[in-house]
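Only one structure is covered here, and it is reproduced in the block below.
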Amino acid sequence: MKNKNVISAVLAGVLTVGAVAGLTGFTSKDTEVATTFASESADDTVTLTTVSDDSVTEESTTDDSSSSTLTVAEVAAKALPSVVTITNTSVTELESMYGYYGYYFGYGYGDEGESSTYETVSVGSGIIIGENDTELLILTNYHVVEDATELSVGFISDDEEDAEAVEAVIKGTDASIDIAVVAVQLDDISDETMSEIAIAEIGNSDDLQLGEQVVAIGNALGYGQSVTTGIVSALNRTVELDTYTAKMIQTDAAINGGNSGGPLLDMNGRVIGINTAKVSSSTSSTAVEGMGYAIPISDVVSIIEDLMNKQTRTETVSEEESAYIGITGQEVSSEMSSVYGIPEGIYVTEVAEDSPAADAGLQAGYIITKFDSTSVSSMTDLKELLAYYAGGETVSIVVSYQSNGEYIEETIDLTLGLLSDYQTVSEDNEPAVNE
């Protein structure tokens, strides 16, 4: 990327540091509406509400496809009921470097080298994409919900002061493409709000053309939903972010902090992208305007539907039900992945004999990239996920391994063992995991 020393793509989130009042910035990690909230298939599998490009909306009055589009105001009216705000509260650890000065600036008093924690609040956007028997399902970026200790979703309302905000939980994530699905319990949403919100229609980003008009909606700068418009400036633009590289839609519609996770819409009000990043100038001498990026929706539909249909897990299992896999491994970080060309994930260094991992066919040298559709990059990630799964459950894991100099990806079904079945008793009669 030219001028890489002064121009960089940043995630379009807004971060407020709770310990410093008023401090905001970008995160560095950053017509007719579909009002029927129901599963679209007989087996209770929830799918996205997709609309083909050759369909004509009720507002269309001619057979000419170029004249069957809506105005910006009509696109906004159609799409706003399906757009939400997302607030992520997390806890960050900060090493004290300034003693008294750290206290003065709100980071807590402590000697140099000591650490303290402080609360951060970041805001982003989301798109209502479906509903199951108990939950409303919302699509957003992974970086919007990353490290959340508490999540809330705010819905649109005719009166912004009366807009309802409810607790949400993460249903599933794929950090490798910056996608997440969060869930809100239907019982927590008032009837009035349910009557005002809608499920978004999903379009086809593969049919986009350069110069085509688009509309972006999102919680810009955390001030509430804002509508901007522009054109498709480029397609399949390679964008390098902190943790991954992706091909995205480039647009000159204004994308600001807080827009992350919001929709990029075609002129029929259909979601054709997920607003994710913008280009930011790192020096005052290099001005950057109108370079925002969105994940093409058609590239991620199948992944989104997998995440939508995951079981929501909010409670850890009991000690008696604790699960066991039987591997040791080490992290393949994004930096290592970039330097050595190795897939990001968990590099398996050892597989225990007669373990669930061995029975499933895992081998040393395999790299685990996903566990039950959720990206993992370290043993810590895996252990945290495993706390929500009971022994005896079968999950799908995605692994990569080398074959003829190339990495091959494969999905493996893994039946988890009961941890208690793989423990031995040490000399002091304390249970120890038999690796």
Side-chain angles (χ1 to χ4, degrees), residues 8-30 83-94 105-108 116-128 138-156 160 163-184 216-226 228 239 241-244 254-264 274-280 292-295 307 334 374-375 377 381 384:
S8 60
V10 295
L11 300 172
V14 167
L15 174 68
T16 302
V17 183
V20 185
L23 177 61
T24 61
F26 294 111
T27 55
S28 59
K29 302 236 177 177
D30 34 343
V83 184
V84 302
T85 63
I86 296 178
T87 303
N88 172 356
T89 302
S90 59
V91 175
T92 302
E93 184 172 326
L94 179 72
F105 285 106
Y107 294 116
S116 58
T117 59
Y118 63 98
E119 186 176 272
T120 60
V121 178
S122 58
V123 297
S125 306
I127 310 163
I128 301 172
I138 296 162
L139 172 66
T140 188
N141 287 131
Y142 170 75
H143 76 263
V144 170
V145 300
E146 186 177 8
D147 298 328
T149 56
E150 182 180 328
L151 279 179
S152 66
V153 166
F155 298 99
I156 189 171
E160 287 193 9
E164 184 175 15
V166 297
E167 182 182 359
V169 296
I170 298 173
K171 190 173 184 72
T173 66
D174 191 328
S176 66
I177 55 170
D178 201 15
I179 291 293
V181 172
V182 302
V184 172
I217 301 179
N219 184 19
L221 301 181
Y223 294 150
Q225 302 297 12
S226 298
T228 59
V239 179
L241 296 169
D242 289 343
T243 57
Y244 71 106
I255 304 296
N256 292 290
N259 273 106
S260 277
L264 187 69
I274 306 157
N275 296 319
T276 299
K278 61 173 290 183
V279 169
S280 175
Y293 297 97
I295 300 169
L307 297 178
S334 57
T374 296
S375 298
S377 61
D381 288 347
E384 289 177 351

(Q) Apply side-chain contact (heavy atoms from CB on, under 4.5 Å) to residues V121 and T87 and explain how you reach the verdict. (A) CA-CA 7 Å; V121 178; T87 303; 3.5 Å; yes
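Taking every heavy atom of both residues into account, G124 and V144 meet most closely at CA-CG1, 4.1 Å. Shortest non-hydrogen contact noted between N256 and K278 is OD1-NZ, 3.8 Å. Between G258 and S125, the shortest heavy-atom contact is O-OG, 2.7 Å. Across all non-hydrogen atoms, the minimal contact from P263 to V83 is CG-CG2, 3.7 Å. Closest approach of T228 to A254, counting heavy atoms only: OG1-O, 3.0 Å. Nearest approach of I127 to G261, heavy atoms of both residues: CG1-O, 3.5 Å.
The side-chain contact (heavy atoms from CB on, under 4.5 Å) check on S226 picks up A220, with sequence neighbours excluded. Qualifying side-chain hydrogen bond (donor to acceptor under 3.5 Å, both in side chains) partners for S152, counting only residues two or more places apart in sequence or in other chains: none. Taking the side-chain contact (heavy atoms from CB on, under 4.5 Å) definition, one finds that A168 meets it with L151, V153, V184, sequence neighbours left out. Listed by chain and number, the residues in a side-chain contact (heavy atoms from CB on, under 4.5 Å) with S375 are D174, A175, S176, K370 (sequence neighbours excluded). Under the side-chain hydrogen bond (donor to acceptor under 3.5 Å, both in side chains) criterion, T374 pairs with K310, sequence neighbours left out.
Applying the side chain to side chain contact (heavy atoms under 4.5 Å, CB included) test between I170 and each of V145, V181, N88, L307 identifies V145 as the sole match. Under the side chain to side chain contact (heavy atoms under 4.5 Å, CB included) test applied with I295, the options V239, I179, N275, I177 reduce to a single match, I179.
For the residue pair D178/T276, the side-chain donor-acceptor check at 3.5 Å is not satisfied.
Contact annotation: the side chain of I274 approaches that of N141 to within less than 4.5 Å [non-hydrogen atoms, C-beta and beyond]. The shortest side-chain heavy-atom distance between Q225 and I156 does not fall under the 4.5 Å cut-off.
Here CD1 of I217 is found 10.0 Å from CG of N259. Values are rounded to the nearest 0.5 Å. Once rounded to the nearest 0.5 Å, the distance linking CD1 of I138 with CZ of F155 reads 5.0 Å.
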